[in-house]
Amino acid sequence: MTTPVYQNFINGHFLKNQSGDTFAVKNPATDEVIYHVEVADAFVQNAAIESAKQGFAAWSAMTPIERSRILLKAVEILRARNDELAKIEVLDTGKPWQEAECVDVQTGADVIEYFAGLAPAQVGQQQMVGEDFYYTRKEPLGICAGIGAWNYPLQIACWKSGPALAAGNALIFKPSEETPLGAIKLAEIFIEAGVPAGVFNVVQGAAEVGQWLTQSDDIEKVSFTGEVGTGKKVVASAAGSLKDVTMELGGKSPLLVFDDADISQAVSAAMLGNFYTQGEICTNCTRIYVHKNVYQQFIDELKTRTEQNIIAGDPMDPEVNLGALISKNHHDLVMGYIDKGINEGATLLTGGKALKPESAPNGYFVAPTVFTDCTDNMTIVKEEIFGPVMSVLVFDDEDDAIRRANDTHLGLAAGVFTKDIKRAHRVIHQLQAGICWINSYGNSPAEMPVGGYKQSGIGRENGIETLDHYTQTKSIYVGMTDIESPF
Ligand code: NDP
């Protein structure tokens, strides 16, 4: 059976490349090639820039409220096509349908809706300086680039295009080579909604296409989601043309469970923050610090619920709540970390093996895995694994737990479970992380800014401040009096 071949989406339509180069995309749950995609060669890249220039000219000339109206139409279409788009995400990523059906498209649409609403409200300043005055205008940057990871492909494309487009920019987006289809669908939806051609172009390919975006002199900003190591390369490359950057990178986030916490709730948070999307979430709380007084109760309940409540299998089965990892390579990487955990002396509480569910025997599944008896210097406690692997550690002193939680070069997220309201805030205020939860974990509404401390990122996505990252301030001084000149 022949599989479809998707071309790059440029200037409102599909554009055939000249090199003829393509790459294959596999369904991680079946190991089967589901379609091919053309690589963005030099011809496509030039076309992407040229059309973005024209798209930008038309789009930035519209009033914010006109742009808002069009973006809200796109939101409506996204929501109406939820199931079709969610299915694409399941087939591309291997994540469970029960997640994609209610999260991926919805949270993407929410962010476009949020910024569409906000854009007309963005105002400049005016101030008198003597008899003269100045005013400021919030102007778009121009052509921006978005580079996405594979775990939430459509959501990431929405989170980057929402503020970029609302502020009047054009965006050239490169999805991960593993998950290229969602962004194409978004591009079609923008066109259907009335976004001018060239405002949202999708270029396809691996690192070299990403590198081209980071180097191009025609691009003013790059918003990147991916690994810390790749992020450093992107920043270095973007420095060549002094591009603005937003970096949404990896984490190794701590969750602190105090002895007055609701333990069942804390177990729910730990499971969500390690096994949702089969552990492939940047904010996951992969280091769980549990107070020694409740440690046994915590791991007893965690083991029972992990072994009884998780169903791996064909991700399209609505009962399945643990999907396949993105690729064979990533599967092997995660299994390698599990081996390291065992070899370095951690105790396997549960899991620790590859799975071959009956309904998806060729998928890249890894059992939900919990290590106990972990120490702070173990590889599994220090490095981001990006799979369903949780490390549980014990503490008995608040200050010590905070010190250990902060002892990492990463700082994406953190959480605290306690019923003591003063302790909750005292502890959270000392944790070095950009996204924090108290008696909760993982929720990320459009209204809330998200981004990392330390090496987990630069800048923020979502929330009011993000619109500022997609505009630049022009100051205009107006002389009302005669110029005093010594010449
Ligand atoms: P990668 O860093 O491997 O890739 C991210 C994107 O960058 C992909 O589109 C990739 O292309 C592209 N890319 C690779 N090399 C370069 C380069 N030199 N220049 C420009 N672009 C390049 O990340 P993953 O896709 O593996 O995603 C997982 C990572 O993303 C995890 O570390 C996770 O924590 C992080 N992440 C962070 C989030 C956040 O908001 N903080 C959210 C989601 C994930 P290709 O894949 O096609 O090779």
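As the structure lists them, so they are numbered: ligands from 1, and atoms in each ligand from 1.
- Residues passing the ring pair (Phe, Tyr, Trp, His ring centres under 6.0 Å) test with H331, sequence neighbours excluded: none.
- Not one N or O on the side chain of T277 forms a donor-acceptor pair closer than 3.5 Å with the backbone of G279.
- Partners of D244 under the side-chain contact (heavy atoms from CB on, under 4.5 Å) rule, at least two apart in sequence or in another chain, are L141, K221.
- N201 places no side-chain N or O within donor-acceptor distance of the main-chain N or O of I172, the cut-off being under 3.5 Å.
- Among protein residues, I147, G148, A149, W150, N151, K174, P175, S176, E177, G205, A206, A207, G210, Q211, F224, T225, G226, E227, T230, V234, E248, L249, G250, C282, E384, F386, L412 come within 4.0 Å of ligand 1, judged on heavy atoms.
- Partners of F200 by ring pair (Phe, Tyr, Trp, His ring centres under 6.0 Å), not counting sequence neighbours, listed by chain and number: F190.
- The pair K232-E227 does not count as a salt bridge, with every side-chain nitrogen at least 4.0 angstrom from each carboxylate oxygen.
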